[in-house]
Amino acid sequence: MRLNTEWALEVGDSVLCRFDALPLDRDGVRRAIGLRPSTNNGARWEKAIDELEKPLRGLARGRALIRIEPVASLQSRRLTLAHGPVIEGAVGQFLAHSQLVALFIATIGSGVERLSRRWLRNGNVVRGLVADAIASELAESAAFLAQQAVRAWALSHQMDITPRYSPGYCGMSVRQQTVLFSELPARQIGVQLSASCLMTPVKSVSGIIGIAPASQVTPEDYPCGRCDHPNCMQRRVPFESRRGSCVDWSDCGVPPPPTHETEGD
Amino acid sequence: MSTTAILESLQSAIIDGDEQKAPQFVQTALADKLDAQTILEKGLLAGMAVVGQRFRDGDYFLPEVLISAEAMKAAMTVLSPMLKAQNVKARATAVVGTVRGDLHDIGKNLVAIMLEGAGFEVIDLGVDVPPEKFAQACRDRKVDLVAMSALLTTTMPEMESAIRMLQRELPNPPPVIIGGAPVTQQYADRIGAAGYGRDAASGAEVARGLCAKAG
């Protein structure tokens with residue numbers, strides 16, 4: 001398997017990207033912890049975020065593997081790559097119009113999650129939870145940067161990308177991870193797949209990004225552009241708009257939405 | 001400072017989540033010759049009970065509850081050796097674990113911390129726990145409650161497998177509570193779990209209620 005570490009995406013190559021400085025969405029960290037403007041002792045949580053942001057960003061090792069492959073055929077539940085592998089799931093909706101797909105695995109390594117575990121074990125709840133939330137956001141950043149790298153390549157070829165679609169979400173079995181891991185040299189970035197198809201380090205993100213002619217890619221046409229699931233990070237529609245979801249939440253692998261009655265309606 | 005004032009100050013330190021003052025007041029109480037069980041019951045657990053009540057009333061949310069749990073944990077580092085020396089037993093024993101196939105542990109760790117804050121002795125089996133291991137832990141010790149966690153729809157069915165195994169293998173299986181991102185009360189009812197925790201704090205509340213009923 002050829003590995004290109006110079007960031008030059010090419011069809012058929014596995015490319016290793018290193019992200020030296022991962023951006024951190026502090027609002028995302030606050031959301032993950034459950035902080036509200038009215039939180040008692042909120043200052044303690046904010047102080048912990050302030051103290052930990054820099055060292056944890058320094059500890060995170062942002063890496064991604066990306067591989068672009070041509071699509072041989074795309075049916076509603078089945079995507080066949082030109083060189084043979086098959087990916088099953090709601091691909092017809094999530095990757096509609098794709099002529100190529102980018103397979104990717106992004107991670108921040110295990111340093112931050114190990115620290116978070118140690119703090120929680122020692123009863124340092126605030127630091128442990130803040131570290132876990134920061135790690136989740138940094139992993140999202142690594143995945144976002146991988147997505148941006150694919151988008152830059154797509155735009156330079158008069159194409160654009162679909163939202164990413166990950167095993168374990170919205171009708172794609174987590175077992176489809178095995179296809180991604182057979183196509184990418186995951187060990188190069190220290191990511192392994194368990195027997196139950198979960199990744200270690202846990203703070204890793206994998207998925208498929210569709211690449212389609214720019215004129216055919218309209219974000220609202222894809223399920224994530226229409227879904228208002230309140231707990232999904234890929235949601236593009238504000239939950240407050242309550243347009244109704246286009247997907248079956250019971251099948252989508254993210255926390256179920258709260259009932260509207262408990263949301264203070 | 002009177003005994004009542006010391007215990008009230010300790011309760012306040014727990015309610016406010018003051019991790020500096022809580023262990024200091026435990027030390028003051030010990031210096032005042034209060035026995036460890038009284039400090040635990042009337043200081044720490046009484047404070048956590050108020051925190052639980054505020055959580056149920058909607059005045060406290062998870063971040064506030066966790067800050068209090070941290071203060072409780074800091075106080076327990078001072079009190080635990082005395083509890084051991086005076087042979088004071090925990091209110092109840094709980095086994096916690098993330099079910100087979102699932103490697104996510106943040107929720108499970110928070111539940112363990114909250115259960116300790118509610119006076120439980122916690123046996124943490126870790127992640128990727130097969131049903132046999134839950135059953136074995138219940139055979140090895142007198143266990144009052146089992147708490148299972150799963151983060152994925154794909155690993156949720158392991159909760160049902162573990163509950164079935166406990167029912168099959170143990171003459172008096174302890175009640176099981178379940179929680180985790182995709183888990184709902186309806187799912188808990190469907191698989192025969194005794195309780196469901198929407199988050200770590202409500203999980204500890206449910207656990208306390210179940211053990212109080214049984215005890």
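Remember, it's a predicted structure, so these values are computed and weren't measured experimentally.
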Asker: Assess the residue pair Glu70(B) and Arg127(A) against the criterion (salt bridge (charged side-chain N to carboxylate O under 4.0 Å, His left out)); give the C-alpha distance rounded to whole Å, side-chain angles, the decisive distance to 0.1 Å, and a yes or no.
Answerer: CA-CA 10 Å; Glu70(B) 187 171 270; Arg127(A) 285 187 158 235; over 6 Å; no

Asker: Select one option (side chain, backbone, both, neither) describing which atoms of Asp16(B) are under 4.5 Å from chain A's heavy atoms.
Answerer: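 The backbone, not the side chain.
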
Asker: If we only count heavy atoms from C-beta on, is the Leu152(B) to Leu198(A) side-chain gap below 4.5 Å?
Answerer: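 With C-beta onward as the side chain, the pair touches.
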
Asker: Nearest 0.5 Å please: distance from the CD1 atom of Ile67(B) over to the CG atom of Leu129(A).
Answerer: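 The CG atom of Leu129(A) is 10.0 Å from CD1 of Ile67(B), to the nearest 0.5 Å.
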
Asker: If I measure from the heavy atoms of chain B, does Val126(A) come under 4.5 Å with its side chain, its backbone, both, or neither?
Answerer: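 When you check distances to chain B, atoms from both the backbone and side chain of Val126(A) fall under 4.5 Å.
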
Asker: Heavy-atom count check: over 12 atoms from other residues, nucleotides or ligands less than 6.0 Å from Lys73(B) NZ?
Answerer: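 Correct, the count exceeds 12.
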
Asker: With respect to chain B, which residue among Thr200(A), Leu120(A), Leu35(A), Asp132(A) yields the maximal number of heavy-atom pairs within a distance under 4.5 Å?
Answerer: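 Most heavy-atom pairs under 4.5 Å with chain B: Asp132(A).
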
Asker: Would you indicate whether the side-chain heavy atoms of Asp128(B) and Ser194(A) approach each other to under 4.5 Å?
Answerer: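 No, every pair of side-chain atoms sits at 4.5 Å or beyond.
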
Asker: Between the side chain of Arg44(A) and the main-chain N/O of Asp18(B), is any donor-acceptor distance below 3.5 Å?
Answerer: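 No; zero donor-acceptor contacts below 3.5 Å.
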
Asker: By a 4.5 Å heavy-atom criterion (distance strictly below it), what part of Arg36(A) contacts chain B: side chain, backbone, both, or neither?
Answerer: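 The side chain, not the backbone.
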
Asker: Quick one: does Thr39(A)'s side chain get under 4.5 Å of Glu64(B)'s, heavy atoms only?
Answerer: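 Yes - at least one pair of side-chain heavy atoms lies under 4.5 Å apart.
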
Asker: For chain A, which of Leu103(B), Leu62(B), Asp102(B), Asn109(B) has the most heavy-atom pairs under 4.5 Å?
Answerer: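 So the answer, after comparing Leu103(B), Leu62(B), Asp102(B), Asn109(B), is Leu103(B).
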
Asker: CD/Glu158(B) to OG/Ser196(A) distance, rounded to the nearest 0.5 angstrom?
Answerer: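 Spacing of CD (Glu158(B)) from OG (Ser196(A)) equals 9.0 Å.
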
Asker: Calculate, to the nearest 0.5 Å, the distance between atoms CH2 and CG belonging to Trp45(A) and Leu66(B) respectively.
Answerer: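 Going from the CH2 atom of Trp45(A) to the CG atom of Leu66(B) covers 5.0 Å.
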
Asker: Does Asn40(A) form a side-chain contact (heavy atoms from CB on, under 4.5 Å) with Asp59(B)? I'd like the steps, not just the answer.
Answerer: CA-CA 9 Å; Asn40(A) 287 342; Asp59(B) 296 332; over 6 Å; no

Asker: A quick test of your reading: do over 12 heavy atoms of other residues, nucleotides or ligands sit less than 6.0 Å from CZ of Arg168(B)?
Answerer: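 Yes - once you tally the heavy atoms of other residues, nucleotides and ligands closer than 6.0 Å, there are more than 12.
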
Asker: Quick one: does Asn41(A)'s side chain get under 4.5 Å of Tyr60(B)'s, heavy atoms only?
Answerer: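 In short, these two side chains do not touch, never coming nearer than 4.5 Å.
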
Asker: Do you know which two heavy atoms are closest between Pro63(B) and Gly34(A), and how far apart they sit?
Answerer: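 Closest approach of Pro63(B) to Gly34(A), heavy atoms only: CG-O, 3.4 Å.
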
Asker: What part of Ile113(B) gets closer than 4.5 Å to chain A, counting heavy atoms only: side chain, backbone, both or neither?
Answerer: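 The side chain, not the backbone.
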
Asker: Between Asp199(B), Ile106(B), Thr155(B), which shows the greatest number of heavy-atom pairs under 4.5 Å with chain A?
Answerer: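 Result: the option with the highest number of such pairs is Ile106(B).
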
